[in-house]
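Only this structure's heavy atoms are used, side chains among them; waters, hydrogens and symmetry mates stay out. Computed from a prediction, not measured in an experiment: that's the story for all the values here.
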Amino acid sequence: MNLETKLETLVAKAVESLYGLKIVPNQIQLQKTKREFEGDLTVVIFPFVKAARKSPEQTGQEIGAYLQENNPLVSSFNVIKGFLNLSIRQNYWLETLNEIHENNEFGKTVVTDDAKLMMIEYSSPNTNKPLHLGHIRNNLLGHSIAEIQKANGWKVVKTNIVNDRGIHICKSMLAWKLFGNGETPESTGLKGDHLVGKYYVVFDKAYKAEIATLMEKGITEEDAKKTAPLILEAQKMLLAWENNDADVRHLWETMNGWVYAGFDKTYKQLGVSFDKIYYESETYLEGKEKVEKGLASGAFYHREDGSVWANLTGDGLDEKLLLRADGTSVYMTQDIGTAKLRYDDYPINKMVYVVGNEQNYHFQVLAILLDKLDFEWGKDLVHFSYGMVELPEGKMKSREGTVVDADDLMDEMIQIARETSKELGKLNNCTPVEIETIVRMVGLGSLKYYILKVDPRKSMTFNPKESIDFNGNTGPFIQYTHARIKSVLRKANEQGIVFKHLDNKQIAITKKECYLIQLLSEFPSVVKLAGEEFSPALIANYIYELVKEFNQFYHDFTILKEENPHLKQFRLVLSESTASVIKTGMGLLGIDVPERM
RNA sequence: GGUCUGGUAGCUCAGCUGGAUAGAGCAACGCCCUUCUAAGGCGUGGGUCAAGAGUUCGAAUCUCUUCCGGAUCACCA
């Protein structure tokens, strides 16, 4: 039983024995004492004053006295207004620090053989354009959530569904065929995904031009969009693809191959990976089959033109298309098939989709459709719906070229890190390889932290004109603190100082040091909450607070020059534990921390 | 229009399962390296928590109304 639970239980007992008020221990409001007051933990007294029929101050005094008498860990207390501030015995904190220091897996729950399995889908790119900043947020969130859930004892399977087929893919294929002059990544020196993306934009421009021409002839925009030669040709191509036309398939395989080579580089640079990749081209038939079954069972219905629909009006939603009149499948069809295959492949206990909030409706519908198809897990799927990354002018649009490219952005951040590092000259003793490793860590660290520190559910603004900061609440600031601690620890080792275990617990430590231990001890509950809330931001904000506190300590106290050997040992243990929590916590965000920088 | 979602300092964001005087960073200004890494620390200024009403001992936090954004309601994915 941890300290908080103990105190809550005791407060409940106190209230009952003093005032006859029965209260559930976890309803007691126990919080960290605000900095400006004396104490470590605070009990909010207001809820008891009615039963006590005394002033908040007097009630606080009585409960405080009871706690002090019945729990040896409470060394003293004070009451201010309706707040009972408790000071906890220093011994307790020193003992806690020892436990933290000796626990290599501090903050993490072990994944046992019988642990439940969570499948996390993220990334899920289309193979018609390169990844951009929006995908970066998705990938970082997916990867971090996976790490966080592992740390909470889940078995995790990271999966990626590649949208490698469909009308949008045909668009870039068609444009390349018509206007590409046989260009390849080799002939152009372009990364494969960028080359294909280029033709997606080419298609869009040519298509828009056709629409404009048709409209000049007096055709309505709506009709022009449907009858432009290019879109008809793309639709023909999609049909040919579904009919296994050899030429179309060959072109498709070639161009997708280019894209995958490009994606692999981007994923590697970003530091994300997958345990199992699904391709829409391999799951959409399964989806079609399930839709046919649903048709047979009466869950879905045909329209006159032959298209297949689900009627969701009974669920307060609209009607949803599942198969086009020409028999080709849509996004939803494929998602049904993918879901089915996944549950065949793995004993999934929880399925999580990391997909932007623009698709909230899609997932609401998907859950209902799976339910209608009698999959008992349909309604249990979790759509981890995150907010969009916006530019100051608004949404990014690939077709209009207003996207922040993922590869460019990563390169830019690494370059800034390289320049900064050079200016500061701290890596002058390192080899070029070491420098590159560190500079990459820092550049990517700044980008990743920048993205992950904000609440994933909220949309965020990125201004390309202001480069991401390296000072303040940033990744490099945290990495720097880690490097600094490591430097001190190296020196301690060189001096032969032993700080494995705190032997002497009679030393007098300061409030700042005490508070640092308290912060460290909160790490496991932060990890737990981050898992429940699916929020890497909670980890990021926690680490920042820890690091800020540590830097003040580092500034105000000496470690290696402390004359009292017990105190010196204590500070080394405190520093090492802090470095360890920083490293673990940043690891949960997918951010590496350097030994020096 | 229906549904969902957001509005906190000049900017980017915390705080939101109700608790003490609403916090950080950036930007601005000032101070601190003969001392374990100054990518650091300290300080100053900066707020009608969109507006109004309600619930409560107590509201940025919960409820309602209004205003202003965003997403979605596709034979796109």
### Task
Please measure how far the P atom in B:rA14 lies from the corresponding atom in B:rC4, and state the result in whole Å.
23 Å
### Query
Within the pair A:S487 and B:rU37, is there a side-chain N or O less than 4.0 Å away from OP1 or OP2?
yes
### Message
Counting the atoms with a prime plus P, OP1 and OP2 as sugar-phosphate, which does A:M597 contact under 4.0 Å by heavy atoms, base, sugar-phosphate, or nothing?
### Response
base
#### Entry: Presence of A:R484 side-chain N/O under 4.0 Å of B:rA38 phosphate oxygens OP1/OP2
yes
### Task
Just compare B:rA77, B:rA14, B:rA71 and give me whichever is closest to any side-chain atom of A:Q359.
B:rA77
### Query
For A:F46 and B:rG19, is the gap between ring centres under 5.5 Å while the planes differ by less than 30°?
yes
### Message
Expected output is a numbered-order residue list: members of residues 314-323 of chain A with a heavy atom under 4.0 Å from any atom of RNA chain B. What is it?
### Response
A:D318, A:L321
### Side-chain donor/acceptor contact of A:T42 with base of B:rA20 under 3.5 Å
yes
### Task
Taking the six-membered ring of A:W309 (Phe, Tyr or Trp), confirm whether the NZ or CZ of A:R303 is under 6.0 Å from its centre and within 45° of its axis.
yes
### Task
Rounded to whole angstrom, note down the C1' distance from B:rA9 over to B:rA24.
11 Å
### Task
Measure from NZ or CZ of A:R35 to the centre of the six-membered ring of A:Y515, then state whether that distance is under 6.0 Å and the direction lies within 45° of the axis.
yes
### Query
With centres under 5.5 Å and planes under 30° as the test, does A:F37 stack with B:rA20?
yes
### Summary
The nucleotide from B:rG19, B:rC4, B:rC26 with an atom nearest the side chain of A:N360 is B:rC4
### Query
For A:K453, which contact category applies under a 4.0 Å heavy-atom criterion: base, sugar-phosphate, or nothing?
nothing
### Summary
With the side chain defined as heavy atoms from C-beta on, A:Y544 is closest, among B:rC75, B:rA14, B:rG25, to B:rG25
### Query
Can you tell me how far C1' of B:rC75 sits from CZ of A:R324, to the nearest Å?
6 Å
What pairs of donor and acceptor atoms, side-chain ones from residues 438-450 of chain A against any protein atom, are under 3.5 angstrom apart with sequence neighbours left out?
unit_1: A:R440; atom_1: NE; unit_2: A:Q269; atom_2: OE1; d: 2.7
unit_1: A:R440; atom_1: NH2; unit_2: A:Q269; atom_2: O; d: 3.1
unit_1: A:R440; atom_1: NH2; unit_2: A:Q269; atom_2: OE1; d: 3.1
unit_1: A:S446; atom_1: OG; unit_2: A:G443; atom_2: O; d: 2.7
unit_1: A:K448; atom_1: NZ; unit_2: A:L270; atom_2: O; d: 2.9
unit_1: A:K448; atom_1: NZ; unit_2: A:G590; atom_2: O; d: 2.9
unit_1: A:Y449; atom_1: OH; unit_2: A:N473; atom_2: OD1; d: 2.6
unit_1: A:Y449; atom_1: OH; unit_2: A:A540; atom_2: O; d: 3.2
unit_1: A:Y450; atom_1: OH; unit_2: A:T461; atom_2: O; d: 3.4

### Message
Side-chain N or O of A:R35 versus OP1/OP2 of B:rA24: is the shortest distance under 4.0 Å?
### Response
no
### Task
Tell me what A:N463 touches on the nucleic acid: a base, only sugar-phosphate, or nothing, going by heavy atoms under 4.0 Å.
nothing
### Query
Tell me: CD of A:E222 to P of B:rA74, nearest whole Å?
13 Å
### Task
Looking at every strand, decide which applies to A:T558 at a 4.0 Å heavy-atom threshold: base, sugar-phosphate, or nothing.
base
### Query
Which nucleotide, B:rG40, B:rC26, B:rA20, lies nearest any side-chain atom of A:I80?
B:rA20
### Proximity of A:Y19 and A:F48 rings by center, below 6.0 Å
no
### Message
For A:F499 and A:F570, I'd like to know if the aromatic rings sit close, meaning centre-to-centre distance below 6.0 Å.
### Response
no
### Query
In terms of the nearest nucleotide of RNA chain B, which residue is placed more toward the 5' end: A:K561 or A:N471?
A:K561
### Query
Which residue lies toward the 5' end of RNA chain B, A:Q364 or A:E36, if each is placed at its nearest nucleotide?
A:Q364
## Note on the structure
Separation of B:rA38 atom P from A:I485 atom CD1, nearest Å, is 13 Å
#### Entry: Nucleotide forming a Watson-Crick or wobble pair with B:rC26, both distances under 3.5 Å
B:rG10
### Message
Nearest whole Å is fine: how far is B:rG25 C1' from A:I478 CD1?
### Response
12 Å
### Query
Out of B:rU37, B:rA71, B:rA20, which nucleotide sits closest to the side chain of A:N85?
B:rA20
### Query
Can you tell me how far CD of A:Q334 sits from CG of A:L322, rounded to the nearest 0.5 angstrom?
12.5 Å
#### Entry: Selected nucleotide, minimal atom distance to A:I559 side chain, candidates B:rC36, B:rA77, B:rG41
B:rC36
### Query
Choosing from B:rG70, B:rA77, B:rA71, which nucleotide comes nearest the side chain of A:E280?
B:rA77
### Exercise: identify the closest heavy-atom pair between A:C430 and A:R596
SG-CD, 3.9 Å
### Query
To the nearest Å, how far apart are A:N357 CG and B:rC73 C1'?
15 Å
## Note on the structure
Quick note, A:R596 side chain, CB onward, closest among B:rU37, B:rG19, B:rA77 is B:rU37
## Note on the structure
Applying the 3.5 Å cut-off to both distances, the Watson-Crick or G-U partner of B:rC4 turns out to be B:rG70
### Query
Is any side-chain N or O of A:K34 closer than 4.0 Å to OP1 or OP2 of B:rA20?
yes
### Query
Hey, is A:F83 doing a stacking thing with B:rA20, by the 5.5 Å centroid and 30° angle criteria?
yes
### Query
So which nucleotide from B:rC75, B:rG41, B:rA38 ends up closest to the side chain of A:Y480?
B:rA38
### Query
Is the distance from OP1 or OP2 of B:rU37 to the nearest side-chain N or O of A:K491 less than 4.0 Å?
yes
### Task
Tell me whether B:rC33 sits syn or anti, counting syn as a glycosidic angle within 90° of 0.
syn
### Message
Which nucleotide, if any, forms a Watson-Crick or G-U wobble pair with B:rU65, using both distances under 3.5 Å?
### Response
B:rA51
### Task
State the CE-CE distance between A:M388 and A:M396, to the nearest 0.5 angstrom.
8.5 Å
### Task
Tell me what A:V454 touches on the nucleic acid: a base, only sugar-phosphate, or nothing, going by heavy atoms under 4.0 Å.
sugar-phosphate
### Message
Using the side-chain heavy atoms of A:N473, tell me which of these nucleotides is nearest: B:rG41, B:rC26, B:rG25.
### Response
B:rG25
### Message
For the aromatic rings, using the six-membered ring if either is Trp, is the centroid distance between A:Y200 and A:H168 under 6.0 Å?
### Response
no
### Query
B:rG7 phosphate, OP1 or OP2: any side-chain N/O from A:K458 under 4.0 angstrom?
yes
### Message
Determine whether a donor-acceptor pair (one donor, one acceptor, N or O, separation below 3.5 Å) exists between the side chain of A:D164 and the base of B:rA77.
### Response
no
### Query
Salt bridge or not for A:K81 and A:E57, using N-O below 4.0 Å?
no
### Query
Where do A:Y301 and A:E319 land on the side-chain contact (heavy atoms from CB on, under 4.5 Å) test, with the steps shown first?
CA-CA 10 Å; A:Y301 69 95; A:E319 299 185 329; 3.1 Å; yes
### Atom-pair distance (CG on A:N541; P on B:rG25), nearest Å
13 Å
### Query
How would you label the contact of A:F477 with the nucleic acid (heavy atoms, under 4.0 Å): base, sugar-phosphate, or nothing?
sugar-phosphate
